[in-house]
Structure formats: structure tokens, C-alpha cells
Amino acid sequence: MTLGAVFARVLAMSLTGALAILIVCLVRPLLRRAPAWLTCLLWGVVLVRLLCPVGLPLLPASAGAPPLEGWANDYLGETQIYHDNTPEYTQAVEAGRVPVEDETGARYVVTAPDGISEPDTVGSRVFPALGGIWLLGAAALLGAEAVRWLRLRRRLAGCMKLRGRVYLADHIEAPFVMGVFRPRIYLPSWLSEEEQALILLHEEQHIRHLDHLTRLLAWAALCIHWFNPLVWLGFALSGRDMEIRCDENATRGLSPARRADYAAALLRFAAGRRRFSPSPAFSEGDAGARIRRLARWKRPAAWVVGIALVFCGVLAVVLLADQAPAPQESPAPPAPSPTAEPTPAPEEETVETLPPVNYTSARDLDELLAEYGFTGAEPYACWPAEGDPELTLWFDPDRGAGCGTLYTDGEEHTFSFDETGPCYYTNLRDYWPDDPFDPACALAEDPESIVLDYAESTTRDEAGRITRWESTGYYEDDGQRVPVRSDDYFYRPDGTLEYRDYYHNDRLFGTWFFSCRLYYDSQQRIARVKGYVTHGYMYYYYWYDETGAPVWQLCLDRNGGMLGAWMTPLS
């Protein structure tokens, strides 16, 4: 198939798709009270029209040629017409020109001024030139997207796995979903846990409805039909409706207060939204319109949804309808453009959605206390000692058995253990020096052997106390200075160290422990550590004897949906 024929087919698909987009745009206001998934269904039909060269042969066949085909067959420049009663007719037919039959049955041929050559037509001259411009535009869009993707991948280097398919990244402005067969959700690392929970409700809806695939197909359609302004409009509106559908599903069943928090998150990311991206993003779409929709949205009655569904179904069939093929007539018109063979619509990939995971302990705390003989006993330790507890632990050092509750994410997670022994991971206290202000760390090899131009810097406050220590260097001589390790120090009003935030570049070290917060007691000893690791969170708690020597370490490992516990003697 020639380039001109390919462009002619694309142009025909673009005109049909533009008509479908106009119809959907006119219908959208009528469906403003209906669930947004109905509008998304219509945008799916538009996507099929833009990507599939043929529709359903439901309309009656037309006697004449389609308008675009008629335009392609228009002649350019001067032509010669010879009827079948002339010797020039016989000479032109012998040279390969196709005869044409008029209404009276008379036959003739059309040639170039030389009487033999095939005449120039719009399809043979204009369409190839337009096809070249079309290819350049599509290549430019693809190239720009490839550059954007590579930059995004670079910004995602060193991102931290939070759990499952959820990752935290330091250098992104808004949450989004990226990936085809194994989609991942990327969240800004500065989000609070409450904001993460709200945003994940939205992003999981994207994956559930395979938006990462349909959005990629929509981007492909935009690259193919980049010259059509209505396709750009349809791409933007379909993305907005997709976000509204996810908003409706994500906020279903939430309390008014939680819905208000969700709307606040939308407003927060509105300024940094990413336009025309093939990756579904939390911040895409008109935030103001989405917030107003959430504020006034009420689930419609079943009969209203039923009527809207029937209406959209009928409209979908109308949008997919094509004329039935006309009976083949002989002879064919001169210099016809080759007809493209129908190609099937792209098959939709399916992504298996894993069921939600739960913590392994299905027994309540009272049952565990009774089993381990702690009923009525005072806890071995609580953290913190005052205020709402994060951890309550019952432990018998003689038996090496214990149980307790970890309070996180507004829930109680029970755990138990029945033997002492080394923790699965190396004792965290071995990683840190005795001096709590010393930034040295033995988590990985010497960073000077990993980066070039290694440098350290220290920041102190007005009282001379260290507030930040960091090291940087150039990685693999790529011209970009990257952070290697850092420590931030936070003090109590009395001047003692309260906690310390440690971070190291996983891209450089490749270790499972990315960052953690170390809490210190009034004697400047490590009392508790919360670490962010590749599979979730690690919690460490420490207890000391009268001399100040460490005695016990409790390790709690939240590995996805698992909660493992170890009590390790340190003496």
C-alpha cells in the first residue's frame, strides 16, 4: 500500500471519528446526571472509530462513491479524453489505461496530455505529499513523548516501593499510573499517609478499569490523527470524564469529611497537572469542575441509569454503523486509489487485579493474651510511654514468648512470637555508632568508590548544633550530581536529640533499607526506629538495662499483607 493510500484511509477514519466526537460532545450535557462510566463508554466507541478502518455494515449502500474517494479521483492539470470509436482509445487501452462507461453505455478513457500516460489525480499527487507531512507530525509527537518518558524515567530513578505496585518518588509533582502489563502507581514522597490513602482510592480505579491501556490507545489515536483538532478535543474531554468516573467510584461510601479531604487533594494538585499524557494521573482534568461534580453528585435511581444505558447503547451502535458495501460495478473509475484491507481492532489487554491482602493475625488481642499467659498482666512496655500508644508489648524473657498490638493506619494489628533468636535482619543498632550525632553509617560500601567527586557538608543552627549532614557525588560520570546519604537532626526544647531522619540513595547502594527515622530517649539512646524498605515498613524497639546496655530488640516487619515479629537478645 502506498503512502498516499495509507493517508487516504487515515483521513477517512479521521472524518468519521470527528463526526463521532461531535455527537458525543453534544450528548455529554444530557448525561451530566448519569454515572460518568456511561460517557466513558461512548468515548470508547469514538476510540474504536479512530483506530479501526471499518465499522458495522448497518446503513444502506450508497449508489455513488464516498465523498473522500470522489475527491481522490479528481484529476489535476490537463487531461485527454478518447472515446471507443477513435484509434487513440485503442492505443491508450493497450498502454494500460482503464476504460470508463458513461450513462449511455459509451466507453472512453482519460489520459495525460501525451495520450498514453495515466493522468495525475488528487490521490496520486496530493495525498502522498500530505502523507509525508502526516508522518513527520506523527513522528514529532512520538519523539516528544519518548523524550518526556525518558525524562520521567530518570526522575523516577531511586523511587521507593511502598507496597505492592505502589512506589514513592521524590521528584514528581503529582501521582500517576504508568505501565502496560504491570502498571505501577507513583506517589510523591512528601504526601502524608492520609493523602496517600485518598489518592490510592483514585489510582486503583484507573488500574481496575484498564485506563492505563485505553489512555495509551487514545494517545496512539492522537498521534495518528494529530492534524484533526476535534481529536485533541476528544482526548482532553475523554481524560476529564475518565477522571470524573474514578472520582465517583473512589468516593462512593466515604463520609462527607473524607470527601472534603479528597476534594482538597484535588485542589492541591490542580496547579501541577500534566496535560495530554498517556499515563492516567490524579491531577488530570479540570479540578474545579471535578470538585463541583463531587459536591452535587448523587447516585441516580436505577431506572434513570437504565434509560441512560439504553440511550448510550443505541447511540454506540449508531456511531459504529457504516454503509454496507456497494455492489461491484464494472468498469472501475480511472486511477482509483488502492483500497486498504480491513484490519481488526486492537485486542484489549487484560490485567489481573490481585485481591487485597490482610494481616495474617486473625485473632484478637484477648485470645493471644490468654494463650501466652498474660491475661491480667501489665504490658512489658508501651511506646510512647505517654499519650496514644503506637505499640503495646507483653513479653516473658524466661520463656522467650510474647504478643502485642501495633497501632498504624488507624487500625490495630496483633502479633505474637514464641521463641527467641536472631532477627531475620541484622540488628539495626549495629549500623549506628555510639555517638548519636556521628553521621557515619555502615549500611553499604564506601560511597567514594561508587561516585565521583564525593563531598560532605554539615549545617548547624545558631546554637552550634548539627541540623543536617549530607554527601553528594557524580554517578557514572553522567554530569548530574546526586545525593548519596543524608541525616537531618531534630531536637527537644531542652536541647537533647529527639529524632533523626536518615536517607541513602538506593540507586547507588542497592540495599533494602532506603530511609528511616530514629527516635532517641532522654539519655540519647536509640529507643525506636521506623524504616522504609523495599517491601513495606520495618519497626524496631529497644530496651536497656540499669547500666544503659541494650538488652532486647523487637523487630516488626510489615511485608505487604504480612506482619512478622522477632524478639532478639542483644546482651
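To the nearest 0.5 Å, the span separating CG on Asn228 from CG on Leu15 amounts to 7.5 Å. Note that the CZ atom of Arg208 and the NE2 atom of His206 stand 13.5 Å from one another [nearest 0.5 Å]. Between atom CG of residue Leu162 and atom OH of residue Tyr167 there is a gap of 10.5 Å, rounded to the nearest 0.5 Å. Note that CG of Leu130 and CG of Leu11 are 8.5 Å apart. Values are rounded to the nearest 0.5 Å. For the atom pair Asn249 CG and Leu201 CG, the distance stands at 11.0 Å (nearest 0.5 Å). For the atom pair OH (Tyr186) and CG (Leu156), the distance works out to 5.5 Å, reported to the nearest 0.5 Å.
Here the shortest heavy-atom pairing between Pro183 and His212 reads CG-NE2, 3.6 Å. Between Leu222 and Leu141, the shortest heavy-atom distance links the atoms O-CD1, 4.0 Å. Residue Cys223 comes nearest to Ala138 through the heavy atom pair O-CB, 3.5 Å, listed as atom of the first residue, atom of the second, then distance. Across Leu50 and Gly17, no two heavy atoms sit closer than the pair CD2-CA, 3.7 Å. The minimum heavy-atom distance between His225 and Val10, with the atom names listed, is CE1-O, 3.6 Å. Counting all heavy atoms, side chain and backbone alike, Phe227 lies closest to Ser14 at CE1-OG, 3.6 Å.
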task = Kindly indicate, with the supporting measurements, whether the criterion side chain to side chain contact (heavy atoms under 4.5 Å, CB included) is fulfilled by Trp37 and Met242.
result = CA-CA 8 Å; Trp37 63 266; Met242 179 184 69; over 6 Å; no
request  = List the steps and the verdict of side chain to side chain contact (heavy atoms under 4.5 Å, CB included) for Ile185 and Glu204.
outcome  = CA-CA 8 Å; Ile185 299 173; Glu204 289 290 351; 3.7 Å; yes
ask   = Between Val180 and Leu216, is a side chain to side chain contact (heavy atoms under 4.5 Å, CB included) present by the stated rule, with each step listed?
value = CA-CA 8 Å; Val180 179; Leu216 193 61; 3.8 Å; yes
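Using a 4.5 Å heavy-atom threshold, the side chains of Arg258 and Leu198 count as touching. When side chains are defined from C-beta on, Asp247 counts as touching His202, because their heavy atoms get closer than 4.5 Å. A heavy-atom distance below 4.5 Å is found between the side chains of Asp211 and Cys246. Within the 4.5 Å cutoff, side-chain heavy atoms of Leu237 are placed close to those of Cys25. A 4.5 Å side-chain heavy-atom check between Arg215 and Ser238 finds at least one atom pair inside the cut-off. The shortest side-chain heavy-atom distance between Val27 and Leu42 falls under the 4.5 Å cut-off. Tyr539 has its side chain within reach of Glu390: a pair of non-hydrogen atoms, C-beta onward, lies under 4.5 Å apart. Contact annotation: the side chain of Ile224 approaches that of Trp134 to within less than 4.5 Å [non-hydrogen atoms, C-beta and beyond].
In this structure, a donor-acceptor pair under 3.5 Å is absent between the side chains of Asp241 and Thr39.
Between Glu203 and Arg165, none of the side-chain N atoms (NZ, or NE/NH1/NH2) sits under 4.0 Å from a carboxylate O, so this pair counts as no salt bridge. We find that Lys530 and Glu193 are joined by a salt bridge, their nearest charged nitrogen and carboxylate oxygen being less than 4.0 Å apart. Arg245 has no carboxylate O lying under 4.0 Å from a charged side-chain N of Glu248, or vice versa, which leaves the two without a salt bridge.
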